[in-house]
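Reading through the C-alpha cells given below for one structure.
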Amino acid sequence: MSPEGLSKPEYQVPQEMQNQVALTTLDRLYNWSRKNSVWPMMFGLACCAIEMIAAAASRYDLARFGMEVMRPSPRQSDVMLVSGTVTKKMIPQIVRLYNQMPEPKYVIAMGACASSGGPFKEGYNVVAGVDKFIPVDVYIPGCPPTPQALLHGLMTLQKKIESQSLKEVSWYQKGPGEPIPVPVLGPDLIDMRKAALIREKSQPVTEPEEAAVAVEEAAQNGELPAKEG
Amino acid sequence: MTEATLINPLDTLVDQFPSGWVKKDERPGYSGFIVEREHLLEFARTMRDDFGFDYLSMVTASDYLAEGKFDVVYYAYKTIGGPALIFKVQVPREDAVVPSLVALYPGADFQEREVWDLMGIRFEGHPDLRRILMWEGFEGHPLRKDWKEPFYEEDVKPYKSRWPEGKPVNADDRNPFNDNVQYPTGFDPERWVPEAETLLYSGLQRTTHNEEFKTDELIVNMGPQHPSTHGVFRMVVSLQGEKIVDLKPVMGYLHRNHEKIAERNTFLQNMPFTDRLDYTTSMSNNFAYALAVEKLMGLQVPERADYIRVLMAELTRIMNHFFATGFLLNDLGVYFTASLYAIEERELILDIFEEISGSRMMCNYFRFGGVVRDVSDEVLKKIHNLVYDRIPRKLDQFDAYLTNNEILRTRCEGVGVLTADQAIALSTAGPILRASGVPYDVRRADPYSIYDRLEFDVITGNHGDIYDRYLVRVAEIKESIKIVKQLLRDIPSGPILAGKPAYQVRVPAGESYGRVEGPKGEMGFYIVSNGKPNPERYHVRAPTFINLTSLAPMSRGEKVADVVVILGAIDIVLGEVDR
Amino acid sequence: MKNFGKRFGVMSSLGVTMGHFFNTYIVDLVKGKKRYRTTEGIEARRQSDTEGIFTIQYPEEQLPLPEEFRVLPFLVYDEGENGEKNLRCTACGICSKVCPPQCIWIYRATDPATGKPSPHPAEFHIDIDICMNCGFCAEYCPFDAIKMDHDFELSGYTRGESHVFGLDTLMKPVSYYESIRPANAAREAAARAEKAKPKA
C-alpha cells in the first residue's frame with residue numbers, strides 16, 4: 001500500500017517501523033479504499049462513450065485506478081458516467097438508474113452534452129444538462145473529452161471522495177434518502193417537481209375544454225386504456 | 001420496350017407513361033420525376049418489376065412552407081449499379097397522405113415512420129405507423145418549417161444576439177419553465193396519462209400456448225440501458241421459451257435533432273455536426289456531406305485533396321471494421337480481449353487523425369472543395385508503416401485468433417441469415433448486403449471521387465449469416481489496405497483546397513444527394529438549397545438506421561442470446577440511427 | 001502443422017492470447033527500464049512496431065499532443081513593451097458568425113470620444129459547455145487572434161457561471177501560443193510580415 005495516500009502526516013512513525021505500521025484515521029482509511037475501487041456503470045450514451053471505452057482499453061487502462069470493473073447493473077456500481085447527450089426520451093431511464101444505485105453514488109457529466117446539452121442544446125429532444133435531474137459531482141468539459149481528460153476527471157472525483165468525512169456523508173444520516181421523481185413523457189418532458197409551475201404557466205383555459213382536448217389527443221394517438229404491464 | 005430503354009430508361013421515362021401522371025421535375029436545380037400520388041404504387045411497381053430498380057435507398061420528405069406542400073422524395077437504384085431513379089410525390093400540407101411503399105419495398109418501413117414522426121405525413125397502408133424517434137404523445141411534428149423548438153432563437157444562424165452586442169444568455173433563462181420544454185396551452189401535468197406503449201406491445205406477433213413443453217410466452221425489454229445494445233437502443237422481444245417469436249426495435253433514445261439543427265445552420269456549420277452522426281467514422285460522414293454540397297456548388301476538388309480524402313476514408317474503414325469485429329466478439333461473450341486487440345490498432349489510426357485534424361474522433365477535416373490542411377510526409381510515412389507492416393501483421397494475428405475458432409463458428413454460422421433477395425428488399429447496405437451475396441458497393445456501382453482509378457475487389461459472402469459478415473469485414477480491411485497502398489504510391493503534390501478558404505459559401509438553389517460507401521453502408525446526404533446561406537432541407541440517409549429494418553426478420557426463430565450477436569453484426573452506432 | 005489453425009481453432013486462439021501475455025514480459029525484459037516514464041519510451045510505444053505493453057500511464061506519463069490538437073479556444077494577446085496586453089482581436093465577429101453551436105458572444109467596444117464602434121472587444125464570452133471544439137473560429141479568424149488551446153485538464157466540481165469564460169480566462173500571451181503551436185505561429189508571423197511589406 002502506498003503510505004502517502006493513507007498515513008496521517010501529523011503522527012510520526014519511527015523510521016524503523018515505517019514499513020510495518022501506518023497510522024491513520026478512520027476517515028482516511030475509508031476514503032482511501034473507496035477511491036481506489038470506484039466501479040463505473042457500464043452505460044454509454046453517445047460519442048463520449050466511445051472515448052470511455054478507449055479509456056478502459058489498453059492505451060489508457062482504467063484498471064490502474066481500480067475502475068476497470070464496469071458493472072452493467074446499477075445495483076453494483078459506484079459512479080455513473082453520463083457519457084453523452086441526454087435526451088428527453090432517455091432521461092426517465094437515467095433517473096431510474098440513478099435511483100437504483102446504492103449509496104455512496106457519484107455522477108460524472110462527461111463532455112459538453114451531459115453538462116448542459118452541448119452543441120445539441122438547441123434541439124427539441126435534448127435535456128439541457130443532466131444536472132437538471134440528478135446531482136452531478138464532476139463536470140468534464142470537452143466535446144468529446146479525450147480519454148486523458150476523462151482520467152483527469154476521474155482523479156478529480158477521487159479528490160472529492162478523499163475530502164468526504166464519515167460524520168457528514170449523507171448515506172450515514174438517519175432515514176432513507178429520497179428518490180428523485182422520474183420525469184414523465186407528455187407532450188414534452190414533464191418534470192413532476194415542476195408540475196405546479198407548468199400548470200400555471202400553460203395559461204389554463206376552462207376546465208371541460210381541456211379534458212376534451214386530452215381525450216381527443218389520446219384518441220388520435222390510438223391510445224387504448226393501459227392494460228399491458 | 002427496346003434494349004436501350006431497359007438499360008437507360010430515365011431519358012424516355014415520361015413517354016412510357018402516356019397518361020400524363022408522371023412528369024419531369026423541371027424546377028431549376030431539381031431532377032427526377034413527379035408522380036401523382038394516386039398512381040405512386042403503380043409507378044413504383046413498374047419501376048421495380050419492369051425496369052429493375054429493385055433497391056429503394058432513401059425515402060424522405062421536404063417541407064415547402066411557402067408553396068404549402070410537401071415533397072416526398074424517393075431514391076431508387078439498381079443493385080447492378082447505375083444512376084438513381086428519383087421520384088417525388090407532392091401533397092398539400094393540409095392533406096398530407098401518401099400511399100405507403102412498404103409492401104413493395106419493405107426497406108421503406110422505418111423511413112416512412114420517420115417521415116411520419118418528424119414531418120407528419122401519413123403513409124396509407126403502412127402496417128405499423130407509429131412514431132419512431134420521438135415518443136407517442138409528443139406534441140407536433142418537429143421538422144415542419146412552422147414548428148418551433150423551445151430554445152428557438154431565430155430561423156437561421158448566425159444569431160444576431162451574438163455580435164456586435166453579445167451578452168451571454170443562458171438559453172434556459174429565456175424559457176418560462178427554465179428548461180428546454182414547451183407545452184400546449186391549458187396543459188395540466190397531473191391529468192396527463194402517460195403513453196403505455198400499448199400499440200408497440202399489441203403489434204408484436206405472439207404464438208399460442210405450447211402444449212408440448214408448457215412454455216410460457218414472455219415479453220422481454222432489452223435496453224435502452226443494456227450492455228449489448230451498443231448504446232441506447234431498445235429491443236422488445238416476445239419469446240417462446242428461448243426462441244424469438246417477434247422483435248420490435250425501439251429507437252430515438254439518442255435523437256439529437258440533427259436535421260432540425262442543421263436546417264438552422266449554415267452549410268459550413270454542419271460539417272462538425274456530421275462528425276457526430278456516426279461518431280466512429282467521422283471522416284466518411286464529412287466526405288458524403290462535402291460531396292453533396294460540392295455537387296450543388298459545382299466545385300472541382302484538386303487532385304491531392306481527392307487522394308487525401310480517399311486515404312482518410314479508407315483508414316476510417318479499417319478502423320471501423322477492427323472496432324466492429326472486436327465488439328462482435330464482445331457480444332459473443334469473449335469479455336474484452338478481442339476488443340482490446342482491435343482498439344490498439346484503432347488508437348494508432350486515431351493518432352494519425354489527431355495529428356492531421358486536431359481531434360481523435362471529431363475530425364471536422366473536410367471542406368467544400370478540399371480538405372482543411374495538408375498531410376505532411378511524416379504522417380504519410382506513419383500511414384506507410386501501418387499499412388505495409390503493422391496492420392497486415394495484426395490482421396493475420398486476428399485471423400489466427402478468430403477465423404477458425406470453433407466456438408465462434410458455431411455461434412455465428414447459420415445464425416441471422418438474410419438471403420440476397422431479402423437483403424435487397426430490406427434496403428440493407430454495406431457489409432450486410434454484401435455478405436448476402438449482393439456485390440453492391442457505391443464505390444463501384446456509382447464511383448465518386450477517384451475510386452474509378454483504384455483497384456480493389458468488392459467482397460461478397462455466400463451465406464448471408466453472421467460469420468460471413470465477419471469474413472466480409474476482415475476481407476474489406478485487406479482491400480482497404482490495398483487501396484491505401486495505391487494512394488500512397490500515386491499521391492500527387494499540389495493544392496488541397498479549391499479556391500480560398502471561406503466561411504460563407506454560396507450554394508445555388510437546387511437539390512442534391514451525395515453518397516459514399518461508408519464503413520457501415522451507403523452514407524448519403526440529401527440537401528435542398530434555396531440559394532440562401534442555410535440549407536432548406538437537410539436529410540441524412542443513415543445506413544445503420546435502415547439496416548436495422550432487417551433486425552426483426554433476421555432474429556425471428558433464433559435464440560435470445562443470438563439476437564445480441566445479430567445486432568452486433570449489423571454494427572449500429574446510435575448517433576447515426578437516431579441522429 | 002500447416003493446417004493446425006484450421007483443425008484446432010480454439011487452441012490456435014489460445015496461442016494468440018498466450019503470445020500476447022508472454023510478449024509483454026519479454027518486451028519489458030529486453031527494453032528495460034527506459035521503456036517507461038521517458039519521452040523516448042512513450043514515443044516508442046506509439047510507433048507502428050510497438051509490442052508488449054501499450055499503456056501510457058497518465059498522469060505520470062502523457063501522450064505528446066500534436067500541434068493541431070484542439071480543445072477550447074483562447075484569445076492571443078501581444079505583450080507590449082510596458083507589459084500591456086494588446087489583444088489581437090478586432091471584434092469583427094467572424095468567429096461568432098461561423099461558430100456552429102453559436103457559443104461565442106462578443107460585445108464590441110465603443111470609442112468614448114466619438115461614440116463610434118472601435119475595433120476591440122469590450123466583452124468576449126465563450127460558453128465552454130456548448131463549445132464543440134470544432135476549431136472553426138481559429139481557422140477563419142483573419143487576425144490570428146483566436147486559437148485553439150491544448151489544455152484538456154479542465155474538469156471541476158461546478159458549472160454555470162464558471163463555465164462561461166470571459167476575457168480574463170480567455171486571454172493568453174502570444175508566447176504561450178508559440179509554445180504550443182510553434183510551426184503554425186511561425187507560418188502566420190511570416191504571412192503577416194509578407195502582408196505588411198508592400199505598405200511599408
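Fair warning: this is a prediction, and the values are worked out from it, not measured in the lab. Naming convention: chains lettered A, B, ... in sequence-line order (proteins, then strands); numbering from 1 in each chain.
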What part of B/E347 lies closer than 4.5 angstrom to a heavy atom of chain C: side chain, backbone, both or neither?
-> side chain

Against chain B, label C/E123 side chain, backbone, both or neither, depending on which of its atoms sit under 4.5 Å from a heavy atom there.
-> side chain

Check: C/I104 main-chain N/O paired with B/W163 side-chain donor or acceptor under 3.5 Å | no

The interface call for B/R360 against chain C, heavy-atom contacts under 4.5 Å, is neither

Cut-off 4.5 Å, heavy atoms of chain C, and the answer for B/A338 is neither

Among C/D127, C/L14, C/T50, single out the residue with the greatest number of heavy-atom pairs under 4.5 Å to chain B.
-> C/T50

Give the member of B/A502, B/A171, B/P501 that has the highest number of heavy-atom pairs under 4.5 Å with chain C.
-> B/A502

Checking B/K157, B/E154, B/R264, B/E153 against C/Q102 for side chain to side chain contact (heavy atoms under 4.5 Å, CB included), the one that qualifies is B/K157

Look only at the side chain of B/Q269 and the backbone of C/P101, and say whether a donor-acceptor pair between them is shorter than 3.5 Å.
-> no

Is C/R70 salt-bridged to B/E354, going by a charged N under 4.0 Å from an acidic O?
-> no

Minimal non-hydrogen separation, C/S48 against B/D389, with atom names | O-OD2, 4.5 Å

Would you mind reporting whether B/N385 and C/D49 have side-chain heavy atoms less than 4.5 Å apart?
-> no

In this structure, are over 12 heavy atoms from other groups packed under 6.0 Å from C/Y25 atom OH?
-> no

Which distance, rounded to the nearest 0.5 Å, do you find between the SG of B/C363 and the CD of C/E68?
-> 12.5 Å

Contact check, side chains of B/Y341 and C/H20, non-hydrogen atoms, under 4.5 Å = yes

Pairs of heavy atoms under 4.5 Å with chain C: top-ranked of B/R276, B/M271, B/Q504, B/K167 | B/K167

Answer yes or no: is there an ion pair linking C/R46 with B/D351, defined by an N-O contact shorter than 4.0 Å?
-> yes

For chain B, which residues of residues 132-151 of chain C have at least one non-hydrogen atom nearer than 4.5 Å to it?
-> C/M132, C/C134, C/F136, C/E139, C/Y140

Between CG on residue C/D129 and CG on residue B/N170, distance to nearest 0.5 Å | 9.0 Å

d(C/I94 CD1, B/Y503 OH) to nearest 0.5 Å is 4.5 Å

Spacing of CZ belonging to B/R390 relative to CD belonging to C/Q47, to within rounding of 0.5 Å | 10.5 Å

Mind listing the closest non-hydrogen atom pair of B/Q397 and C/V16 along with its distance?
-> CG-CG1, 3.9 Å

For C/G9 and B/E406, work out which heavy atoms get closest and say how close.
-> N-OE2, 3.0 Å

Looking at B/P272, B/P168, B/P158, B/S359, which makes the most heavy-atom pairs under 4.5 Å with chain C?
-> B/P168

Can you find a pair of side-chain heavy atoms, one from B/L348 and one from C/F54, that are under 4.5 Å apart?
-> yes

Examine whether an atom of C/I106 lies under 4.5 Å from a heavy atom of chain B, and if so say whether it belongs to the side chain, the backbone or both; otherwise answer neither.
-> both

Do NZ/NE/NH1/NH2 and the carboxylate oxygens of B/E165 and C/R108 come within less than 4.0 Å?
-> no

Backbone of B/A400 reached by a side-chain donor or acceptor of C/S12 within 3.5 Å = yes

Against chain C, label B/T266 side chain, backbone, both or neither, depending on which of its atoms sit under 4.5 Å from a heavy atom there.
-> neither

Can you say whether C/P100 sits under 4.5 Å from chain B via the side chain, the backbone, both, or neither, judging by heavy atoms?
-> both

Which bit of C/V98 is near chain B, if near means a heavy-atom gap under 4.5 Å: side chain, backbone, both or neither?
-> both

